[in-house]
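Encoded as structure tokens, the structure appears first; notes follow it.
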Amino acid sequence: MAQIKPFIRHLRLLAPAKINLGLRIVGRESSGFHCLETVFHRIALADILYLEIQPPQKNWHKSPSSGHTTIICENTETPLDERNSAHRALNLLRQLGAPIGDVRLRIDKRIPIGGGLGGSSADAAAILAGLRHLLPAQVSRADLAQGALGLGADVPFLMGEQACAHGHGRGERLTSMRPWSGRPLWLIIPPWSCPTPQVFAALNDAERAPRSLLGCSFWQRLMDEITLNLRRPTPAKTHGLLHNDLLSAALRVSPALNILTDWARAQGLPWALSGSGSCCYLLEAPSKPPPLGCRVMPTHFA
Ligand code: C5P
């Protein structure tokens, strides 16, 4: 049986968050999942994962139960069991045949939970990308990709190497795009979260009606237009270009989000909701302090 080499017994992994530069709902699968079109962009904000991996036991077999995962996290909202997608990512690797024994995983949680920044998917993606080399050669990319999607719609993008990609399907059909690496952005983080399943469930029939894809080149042109506008003295022209079809549903689920979106609109700067919320981002520095209880976090595109 393959032994884990000493150098990977202790591993430190960076799990960067993402934002969605616009998001459209384009239909619904028969499974109930929604088909979407979006541009994912990795950002500098990241969780840090510290793994201590034990070699497999003598009676190790290809199964999620062939090793135990202990999660340590100071953030009390982070689940420490199978509800944590990092836990499920380790089980997926064991199930696909990676010889991983017991794991002690410490998560330094920096990405807000339920913020639409891919927080839990990021941790799972970092584990899949960081330990995929332990998988037997006969496990195909497609097997891993299918398992990854099962952990969360943002996992396929976040485990890839591209910093920016057009995504459709549930977000797993990805085409790399020219990134905005280094450009600043400001996250506006409210003290509450928006549960993704509830936001998707709150879409009305008109909002989930089938639509055709705009396609990668449309989004690339839009990004170029935004770049040009941001260089002009009136960047407000790009206001509204970063449309997110989940915004109305997110406002129905979390009416408190109105305070944040009213504030963002009043800045007259390009802004959008990321994913299913609750975080918004601005592409220019806000001139007014955020609404009570909300935090502004300056960061940059990765
Ligand atoms: O992928 P993620 O774990 O974030 O999805 C949470 C839930 O949101 C799903 O179980 C599903 O109910 C809903 N969802 C959806 N269509 C998508 C993504 C998520 O209906 N494309």
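Whatever order the structure lists ligands and atoms in, that order sets their numbers, starting from 1.
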Cationic N near anionic O, under 4.0 Å, Lys109 to Asp47: yes
Residue and atom name of the nearest protein heavy atom (relative to atom 14 (N) of ligand 1), distance in Å to one decimal: Phe200 CD1, 3.4 Å
Linked hydrophobic residues, Leu23 as query - side chain contacts closer than 4.5 Å: Ile25, Leu36, Val199, Phe200, Leu203, Leu246, Val253
Top protein contact for atom 3 (O) of ligand 1, by heavy-atom distance: Gly152 CA, 4.0 Å
Those atoms of ligand 1 less than 4.0 Å from some heavy atom in Leu36: 21 (N)
Nearest-contact summary for atom 16 (N) of ligand 1 - protein heavy atom, Å: His34 N, 2.9 Å
Heavy-atom pair with the smallest gap, counting every atom of Ile127 and Ala89: CG2-CB, 4.0 Å
Rounded distance [0.5 Å steps], CG in Leu21 versus NE2 in His166: 12.0 Å
The single option from Arg104, Arg12, Arg106 passing salt bridge (charged side-chain N to carboxylate O under 4.0 Å, His left out) against Glu52: Arg104
Atom 4 (O) of ligand 1: the protein heavy-atom neighbour that sits closest, reported with distance to 0.1 Å: Thr196 CG2, 3.8 Å
Identity and distance of the protein heavy atom lying nearest atom 1 (O) of ligand 1: Ala153 N, 2.8 Å
Test item: side-chain donor near acceptor, Thr227 and Trp180, under 3.5 Å: yes
Shortest protein heavy-atom distance from atom 9 (C) of ligand 1, along with the residue and atom involved: Phe33 CE2, 3.7 Å
